[in-house]
Amino acid sequence: MASIELRNITKTFGKKVALNDVSFPCKEGEMFCLLGASGAGKSTSINVISGVVKPDSGKVLIGGEDYSDVFPQDRNVAAAFENYALYPHMTVRENLLFPLNSPIRKKQSSKAEKEQRVNEVAEMLGISELLKRKPQELSGGQKQRVALGRTLVRRPNAFLLDEPISHLDAKLRHRMRSELKRIQHEFGVTTLYSTPDQLEALSMADTIAVLKEGVIQQIGTPDDIYYKPYNIYVAQFLGDPPMNLLPVDYQGSFAVVDCDSPYQLPIPQKDQNLLNEKIGSCQIVVGVRPRDIRFVSPEDTNALTKGTIKIVETLGQTTIVNVQVASEEIKVKTHTDMVPKVGSQIGMVYDLQNFYYFDRETSLSIH
Amino acid sequence: MINKNIFSKIIGWVIAIIFLTIILLPIIYVAATSLKIPLEIRTSGSLFPQGGITFENWVKAFRNVPLTKYLFNSTVVAISSTIITLLIAVPTIYTVVRFKTGGAVLPSLILGTYVMPPIVVTVPIFAIIKTLGLQDTLVGLILVHSMMNIPLAFWLLDSYIRNIPVELEHAAWVDGYSKFDTLLKIVYPLIKPGVLSTGVVCLIMSWNEFLFALILTYSDASKTFPIGISQYIGEHGMQFGEMSAAALAGIIPIYIVVFIFSKNLVEGLGRSGVKG
């Protein structure tokens with residue numbers, strides 16, 4: 001077990017910059033998540049740590065020591081790849097034994113110990129009955145568990161899991177999420193995993209790093225990332241559906257929303273102080289999460305604005321409603337039993353305490 | 001529906017038979033000729049023996065010319081050169097494909113030597129082999145044949161290696177294996193069908209090779225089968241019967257090899273066709 005750190009890693013593939021000056025520390029025993037859309041540089045980061053990809057510049061530190069020039073086989077990290085990368089000519093048992101039989105670990109334990117280790121891991125992952133099968137005889141979920149098993153059979157410095165559960169069906173994914181968390185707790189090994197799914201990141205990670213096009217946007221705890229997004233990208237990436245962004249003209253106690261039919265948003269006193277102090281221009285963006293908007297009758301005097309219901313997506317208990325307000329569409333997350341009809345007029349109240357503010361030019365958060 | 005099926009099957013068979021006839025006719029002719037009485041070969045034009053069957057040609061073929069020795073030489077040269085070719089070609093193509101060794105230059109150079117007519121290099125090769133003191137030895141011919149087949153093996157193996165997901169190799173590295181161990185433990189088992197079929201093709205190429213064998217070997221100790229065959233053309237004319245018997249004796253071993261590996265061979269050549 002060891003800490004992992006990337007320092008100023010830059011990597012280009014041809015003309016494409018995969019990682020641009022990426023640095024992050026991953027503490028010993030921590031569950032660290034790389035969150036980002038596809039092409040953000042998650043896999044490349046993981047491959048740089050495992051040594052499979054050589055960065056153009058920057059350093060990789062494992063346990064505080066510089067491992068930049070160490071071969072992958074000598075880094076003692078265990079990796080599960082996005083496409084599982086199970087050896088097709090070997091049975092599941094042989095796949096699991098493969099890391100234990102590598103030249104550097106061959107003599108560390110006896111044959112019986114290795115077998116026992118494989119059986120333990122197989123038991124834990126529920127793949128004991130599959131040990132004699134070949135990878136092509138397994139379902140996607142089973143393959144994924146074998147790939148995980150192959151990382152778990154040894155005691156590495158760190159686990160590197162590249163989208164470890166993203167290809168599973170929803171039910172299995174839900175189960176594996178808690179399973180992974182439990183395994184990580186049990187082993188206490190530094191774990192670095194990547195995912196494009198914000199829910200996976202928020203539910204499993206101790207620390208999240210949000211990546212966009214090879215650049216780190218923000219590093220922090222799930223709460224930090226969710227409640228104190230550093231910029232508009234992070235704010236929109238976390239939360240489902242994404243945060244509504246309203247361009248406004250800030251005028252002291254209220255702000256005027258910049259749209260076809262401008263309406264006023266009252267700004268709470270504590271936010272006024274903050275804005276007066278921090279902003280240079282009055283042109284800012286107010287972010288409102290869909291769950292912080294409430295429907296009222298259009299005649300209600302509390303209603304800040306009115307709109308027409310456009311689209312209704314029911315997701316069991318909750319429902320996502322798209323409301324047309326002048327030329328803008330605003331997403332609202334509400335209880336299913338409170339949903340008005342499509343096409344009807346509706347009034348909306350925003351939860352003023354949960355506003356987010358961003359600089360319109362730099363898209364950085366104002367806090 | 002059933003009728004249509006039978007009809008298409010018949011068509012298939014007819015086409016197959018026509019093809020087989022075209023391909024097999026010369027071999028049938030050779031086989032038949034080897035069993036004819038020598039006089040009949042010169043006088044009768046019929047395909048099959050009219051005046052009875054005789055093994056006289058076979059006996060003479062092996063008695064008048066050291067055919068067994070030539071076949072033995074050919075076997076040694078073909079097997080040794082194939083092994084050398086594969087030992088060099090597999091790691092080379094692997095590093096070229098995966099680690100871009102030699103950039104764009106090395107692969108095109110290797111393929112360049114493949115398209116060049118071999119006759120162009122006969123003189124320099126003869127000079128090199130002579131300098132090395134290897135003229136008229138099996139070793140000399142083995143070296144030349146293995147070098148000659150490397151571009152071919154290189155080309156045939158290329159798609160096999162490209163078809164392996166690179167993550168498998170990465171996984172092996174991370175699992176604690178060096179690049180060379182990965183080649184042995186992961187890559188080789190996965191391209192084994194390709195290596196086998198490439199080996200068979202190299203074996204055939206070496207077995208049939210005439211030009212270099214002709215200029216590099218001149219004593220019975222090192223002559224190979226294709227050179228031996230030409231010895232039935234003597235001062236007293238061509239010994240058609242003996243030559244046919246000898247030719248057949250030379251074809252049979254390679255046919256057996258191809259038959260044993262036929263499944264691999266068809267699969268292998270087919271796959272390298274659709275370069276993935």
Side-chain angles (χ1 to χ4, degrees), chain A residues 14 43-44 46-54 70-90 94-108 134-136 143 146-163, chain B residues 86 90-91 93-105 107 157-199 261 263-264 267-268 270-272 274 276:
Chain A
S43 299
T44 313
I46 286 187
N47 288 341
V48 164
I49 297 169
S50 69
V52 164
V53 166
K54 211 170 164 43
V70 176
F71 288 123
Q73 66 264 31
D74 300 323
R75 294 195 181 192
N76 194 25
V77 292
F81 290 76
E82 193 186 344
N83 64 356
Y84 319 128
L86 301 180
Y87 310 122
H89 56 298
M90 299 182 192
E94 286 163 341
N95 263 285
L96 295 178
L97 275 171
F98 194 71
L100 298 177
N101 284 330
S102 74
I104 29 172
R105 272 178 289 275
K106 209 169 188 168
K107 300 212 171 75
Q108 285 176 4
K134 289 272 180 78
Q136 52 269 35
K143 280 183 194 166
V146 175
L148 269 176
R150 206 171 57 191
T151 64
L152 297 176
V153 286
R154 55 193 176 104
R155 305 276 181 209
N157 283 326
F159 292 135
L160 308 173
L161 312 175
D162 196 359
E163 305 202 8
Chain B
L86 293 177
V90 172
I93 180 72
Y94 178 64
T95 57
V96 165
V97 169
R98 280 296 189 247
F99 310 117
K100 311 276 177 265
T101 309
V105 181
L157 287 169
D158 177 276
S159 67
Y160 282 95
I161 291 177
R162 271 178 220 282
N163 277 335
I164 300 176
V166 71
E167 285 85 358
L168 289 183
E169 294 155 45
H170 291 171
W173 299 354
V174 176
D175 279 346
Y177 291 79
S178 67
K179 283 173 184 158
F180 188 70
D181 284 330
T182 304
L183 174 62
L184 289 185
K185 295 256 162 79
I186 303 295
V187 177
Y188 175 69
L190 293 174
I191 61 166
K192 208 165 148 195
V195 174
L196 280 178
S197 63
T198 304
F261 291 102
K263 206 177 151 233
N264 262 316
E267 207 177 81
R271 243 178 56 167
S272 67
V274 282

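Here is how names work: the chains are called A, B, and so on, in the same order as the sequence lines, proteins then strands, and each is numbered from 1.
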For A:S102 versus B:G176, what's the shortest heavy-atom pair and its separation? CB-O, 3.5 Å
Would you say B:E167 and A:N47 make side-chain contact, with heavy atoms under 4.5 Å? no
Could you have a look at A:P156, A:A78, A:P103 and say which one has the most heavy-atom pairs with chain B under 4.5 angstrom? A:P103
Does the side chain of B:L168 reach to within under 4.5 Å of the side chain of A:P88, using non-hydrogen atoms? yes
Per-residue contact mode, A:N76 against chain B (heavy atom under 4.5 angstrom): neither
Counting only heavy atoms not in B:F99, do more than 12 fall under 6.0 Å of its CZ? yes
Rounded distance (nearest 0.5 Å) linking atom CD1 of A:I104 with atom CG of B:D181: 10.0 Å
Specify the closest pair of heavy atoms between A:H89 and B:K185, including all atoms of both residues, with the distance to one decimal. NE2-O, 3.0 Å
Least distance between heavy atoms, A:F98 atom then B:Y177 atom: O-OH, 2.7 Å
What class does the angle between the rings of B:H170 and A:F81 fall in, given that below 30° is parallel, 30 to 60° is tilted and above 60° is perpendicular? tilted
Bottom line for A:L86: the part with an atom under 4.5 Å from chain B's heavy atoms is backbone
Given A:R105, A:E82, A:M90, the one with more heavy-atom pairs under 4.5 angstrom with chain B than any other is A:R105
Heavy-atom pair of closest approach, residues A:V77 and B:V174: O-CG1, 3.1 Å
Check whether any side-chain heavy atom of A:R154 lies under 4.5 Å from a side-chain heavy atom of B:D175, and answer yes or no. yes
